[in-house]
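Inspection log for the structure reproduced underneath, given as structure tokens.
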Amino acid sequence: MAKRLIPTLNRVLVEKILPPSKTVSGILLPEKSSQMNSGRVIAVGPGARDRAGNLIPVSVKEGDSVLLPEFGGTQVKLGEKEFLLYRDEDIIATLHN
């Protein structure tokens, strides 16, 4: 469903990664146990243009795990799923395993 939405310019469509509510052994975790606000990139726009008209590509690609700001982004609901739309420069970092 999210593949139908293609962001414009330098915008990035992100699906938030929900932290687990309990451990593998069954211990329930408090809501504030995970401090990272992360997500997975679903779709990216083509990029923005500078004053000379040159294309500035988006710094992330589909499938990347990213660190998101605590506040911001535009909520988008597609079907039953909720996504967030950010500008490329609002994404804090890319997460690697």
Side-chain angles (χ1 to χ4, degrees):
M1 188 80 167
K3 291 293 182 184
R4 293 185 196 171
L5 185 120
I6 299 172
T8 58
L9 299 173
N10 63 341
R11 290 180 177 77
V12 179
L13 186 67
V14 176
E15 181 178 20
K16 276 191 130 178
I17 297 173
L18 300 174
S21 60
K22 64 179 177 177
T23 64
V24 176
S25 60
I27 298 172
L28 295 175
L29 299 172
E31 288 183 28
K32 297 204 177 222
S33 65
S34 64
Q35 296 296 322
M36 283 199 354
N37 196 15
S38 60
R40 185 173 52 92
V41 176
I42 302 298
V44 296
R49 299 219 177 250
D50 62 8
R51 291 183 184 255
N54 300 319
L55 184 68
I56 302 169
V58 178
S59 61
V60 295
K61 62 185 182 304
E62 290 181 21
D64 282 352
S65 293
V66 292
L67 186 63
L68 303 169
E70 188 174 346
F71 302 103
T74 303
Q75 285 190 332
V76 177
K77 188 169 183 178
L78 297 172
E80 296 298 317
K81 290 191 171 187
E82 288 190 16
F83 300 93
L84 293 166
L85 199 57
Y86 287 95
R87 290 179 190 259
D88 183 36
E89 59 265 11
D90 292 338
I91 294 175
I92 298 170
T94 305
L95 301 171
H96 298 278
N97 291 335

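Counting from 1, the numbers follow the sequence of the chain as shown. The analysis underlying the following values was restricted to heavy atoms, covering all of them including side chains, and did not include hydrogens, waters or symmetry mates. Model, not experiment: these values are computed from the prediction.
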Shortest non-hydrogen contact from V60 toward D88: N-OD1, 4.2 Å

Closest heavy-atom pair and its distance - I56, R49: CD1-C, 4.5 Å

Donor on one side chain, acceptor on other, D64 and T94, under 3.5 Å: no

Non-hydrogen side-chain atoms of K16 and N37 separated by less than 4.5 Å: yes

Heavy-atom closest pair, residues L68 and I91: CD2-CG1, 4.4 Å

Linked, directly or transitively: V58 and V76 (ILVMFWY side chains, under 4.5 Å): no

Closest non-hydrogen atom pair between Y86 and G72, with its separation: OH-O, 3.6 Å

For the student: nearest non-hydrogen atoms of L5 and A43, plus distance: O-CB, 3.9 Å

Smallest separation among heavy atoms of E15 and I42, with atom names: OE1-CD1, 3.6 Å

Sub-4.5 Å side-chain heavy-atom contact between V12 and P7: no

Verify same cluster id: I6, L9 (apolar side-chain graph, 4.5 Å): no

I17 with V14, same ILVMFWY side-chain cluster at under 4.5 Å: no

